[in-house]
2 protein chains.
Amino acid sequence: MSDDARTTETRRRLIEATMETIRTQGIAKVSARTIAAAGGVNQALVFYHFGTVDALIAHACVVSTRERVDSFRARFDAVTTFTGLVQLGRTLHEEEAALGNVTVLGQTLAGSQANPALAAATGEALGMWTEELERVLGRLLADSPFGELLEPRLLAELVSSAFIGIELVAPTRVADGYAAGAGGIPGGGGAAARTMDTAGDALARLEGLARSIDGLGPVARRALRTALRRV
Amino acid sequence: MSDDARTTETRRRLIEATMETIRTQGIAKVSARTIAAAGGVNQALVFYHFGTVDALIAHACVVSTRERVDSFRARFDAVTTFTGLVQLGRTLHEEEAALGNVTVLGQTLAGSQANPALAAATGEALGMWTEELERVLGRLLADSPFGELLEPRLLAELVSSAFIGIELVAPTRVADGYAAGAGGIPGGGGAAARTMDTAGDALARLEGLARSIDGLGPVARRALRTALRRV
DNA sequence: GTCTATATTTAGATAGAC
DNA sequence: GTCTATCTAAATATAGAC
């Protein structure tokens, strides 16, 4: 095997191992050693190929997002209704359970707080999703009663941010019953167990709403458009 | 000063220092030492009073959220329109810039991925916000054309998750122009600079939408309700 | 390009003096 | 209850052999 091919292979393994580690252990537990262990390569290679751990994370974030977005582009383009868009969102949510790119974005997002390099990478990755969404929304909104009220760009930013928030919150909704450390939480604990799959449920209901909007007859559409214009 | 009073004071300082450190440096940089430095207390006191760093973070998360939620309860109760609710959201967003409880929740949320104790605490804290929101939405939805389509609980979960997502994404929208590490990003970079304050802008526009819904006349309301029921 | 040390720093946690 | 000192584990990063 040529050195060139080995480089490519090693870099690929490191990037995949980075994704996997972030997904399963969270950004806090990611280190050159955990990544190397997950990828079955030597720890020093992280620094040889990427310079720093942060650079590897940033790189992995952008590269893997590009792959995922590319694999969704055709499906975005095929969307013609709000219902279809929400359904695509559900598909994304389900595929994410397995592949976890959005989960990774959530993690890098959190890590971006005090890390400008990571923030730039996360922003770029997020921007790829937003761009796709913006194109679709531009088409859909033009024909909807909301066309004059909502800008595609803004709504796209809003929706993608919200999507990430929802995917991030989901895990905390499984386990409940907070156990305090030394000292205890005054008045803490209690709170009935929450059993909701927020993301899945929400998207399912949202689909109902989308179906309603798509299904509005011409009379209702005109009435709504007029009402909205009055403000 | 009695030992009891000193305990209270030290614990209070540790909790505030924890919040401050998470806010300014992110959850990744939080340690017993950084917290102690921020609070001007000894590092060993973290373990004496809270046992572990995680327990302190969990405690700070829940306690400080309770304070913030309490300070907002009256304002939630005073809301009577969707417009008013969005305006309250804007107020929250602005106060957050200074106090940053939601930012902290975003950080602990990310840290919750592989940390059940933290996940439980974050879930509880988040649940406090959701509960308030659910009460308000319950009132508002009952009188709206959407009452039959949206459950207050689900919408509240959705909105609070989205809010966190938006607050988390905001920082990545300031700086742009991603600089790659060794090797560079193939085809990376570029992408026109984004200058949007997503959270602020989005809430401003959302207020317009809310105003529209609140301003719907009886005819439009009936039409909309009928249209929605048809699905 | 890859591996084995290893230097250095930082973090979690505890013991024991005050 | 608080502080100093210290042990241990883990992380970043580099040097040098292969």
Side-chain angles (χ1 to χ4, degrees), chain A residues 1-18 20-22 24-60 107-108 111 114-118 181-184, chain B residues 1-18 20-22 24-60 107-108 111 114-118 181-184:
Chain A
M1 198 192 257
S2 71
D3 276 6
D4 208 49
R6 284 177 83 186
T7 292
T8 305
E9 168 66 8
T10 300
R11 287 175 62 101
R12 195 191 57 76
R13 288 176 76 148
L14 281 171
I15 289 170
E16 279 195 8
T18 302
E20 159 122 9
T21 309
I22 294 178
T24 56
Q25 310 195 186
I27 186 102
K29 293 278 171 61
V30 172
S31 73
R33 282 175 166 81
T34 55
I35 291 171
V41 302
N42 190 278
Q43 172 258 151
L45 293 177
V46 168
F47 302 98
Y48 177 78
H49 286 291
F50 296 94
T52 67
V53 176
D54 278 349
L56 169 54
I57 296 173
H59 195 89
Q107 291 290 307
T108 59
N115 192 331
L118 204 53
Chain B
M1 198 191 260
S2 73
D3 277 5
D4 208 50
R6 284 178 82 187
T7 292
T8 305
E9 168 66 8
T10 300
R11 288 175 62 100
R12 197 190 56 76
R13 289 176 76 150
L14 281 172
I15 290 170
E16 280 195 7
T18 302
E20 159 122 9
T21 308
I22 294 178
T24 57
Q25 313 200 72
I27 187 104
K29 292 279 170 61
V30 171
S31 72
R33 283 173 166 84
T34 54
I35 292 171
V41 303
N42 190 279
Q43 172 258 149
L45 293 177
V46 168
F47 303 97
Y48 176 78
H49 285 291
F50 296 94
T52 66
V53 175
D54 277 350
L56 169 54
I57 295 173
H59 195 90
Q107 290 291 307
T108 58
N115 193 331
L118 203 52

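Letters A, B, ... mirror the listed sequences (proteins, then strands); counts begin at 1. Just so you know, these numbers come straight off a predicted model, no measurement behind them.
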| said: At 4.0 Å (heavy atoms only), tell me whether B/Val46 reaches a base, stays on the sugar-phosphate, or touches nothing. | reply: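 Result for B/Val46 = nothing.
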Whole-Å distance between [N] [atom2] and [X] [atom1]?
| X | N | atom1 | atom2 | value |
| --- | --- | --- | --- | --- |
| A/Asp54 | D/dA11 | CG | P | 14 Å |
| B/Leu45 | C/dA11 | CG | C1' | 17 Å |
| A/Tyr48 | D/dA17 | OH | P | 17 Å |
| B/Leu56 | C/dG12 | CG | P | 11 Å |
| A/Phe47 | D/dA11 | CZ | P | 10 Å |
| A/Gln25 | D/dA11 | CD | P | 10 Å |
| B/Leu14 | D/dC3 | CG | P | 10 Å |
| A/Phe50 | D/dA13 | CZ | C1' | 16 Å |

| Does OP1 or OP2 of D/dA10 have a side-chain N or O of A/Ser31 closer than 4.0 Å? |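 So the side chain of A/Ser31 is outside the cut-off, no N or O lying under 4.0 Å from OP1 or OP2 of D/dA10.
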| task | Would you tell me if any nitrogen or oxygen in the side chain of A/Thr10 comes within less than 4.0 Å of OP1 or OP2 on C/dG1? | result |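 Answer is no, no contact under 4.0 Å.
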Tabulate protein N/O versus nucleotide N/O from nucleotides 4-8 of chain D, keeping only pairs under 3.5 Å, one per line.
{"from": "D/dT4", "atom 1": "OP2", "to": "B/Asn42", "atom 2": "ND2", "distance (Å)": "3.4"}

| said: For the CD1 atom of A/Ile57 and the CG atom of A/Leu118, what is their distance to the nearest 0.5 Å? | reply: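 Output value for this atom pair is 6.0 Å.
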| field | Electrostatic pair B/Arg13:B/Glu16 at N-O distance under 4.0 angstrom | value | no
| task | Before accepting this row, confirm whether a basic side-chain N of the pair A/Arg12/A/Glu9 lies closer than 4.0 Å to the acidic partner's carboxylate O. | result |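 Looking at A/Glu9 together with A/Arg12, the answer is yes, because their closest N to O distance falls below 4.0 Å.
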| query | Side chains of A/Gln25 and A/Val30: does their closest heavy-atom pair fall under 4.5 Å? | reply |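 SC-SC contact between A/Gln25 and A/Val30 ruled out.
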| Among B/Ile15, B/Asp54, B/Thr18, the one residue meeting side chain to side chain contact (heavy atoms under 4.5 Å, CB included) with B/His59 |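 It is B/Ile15; the other options fail the test.
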Counting only pairs under 3.5 Å, give me each side-chain donor-acceptor contact of residues 34-41 of chain A, with atom names and distances, residues two or more places apart or in other chains.
{"from": "A/Thr34", "atom 1": "OG1", "to": "A/Lys29", "atom 2": "O", "distance (Å)": "3.2"}
{"from": "A/Thr34", "atom 1": "OG1", "to": "A/Ser31", "atom 2": "N", "distance (Å)": "2.7"}
{"from": "A/Thr34", "atom 1": "OG1", "to": "A/Ser31", "atom 2": "O", "distance (Å)": "3.0"}
{"from": "A/Thr34", "atom 1": "OG1", "to": "A/Ser31", "atom 2": "OG", "distance (Å)": "3.4"}

| request: Taking side-chain contact (heavy atoms from CB on, under 4.5 Å) as the test, write out the residues that go with A/Thr8, two or more places apart. | output: none
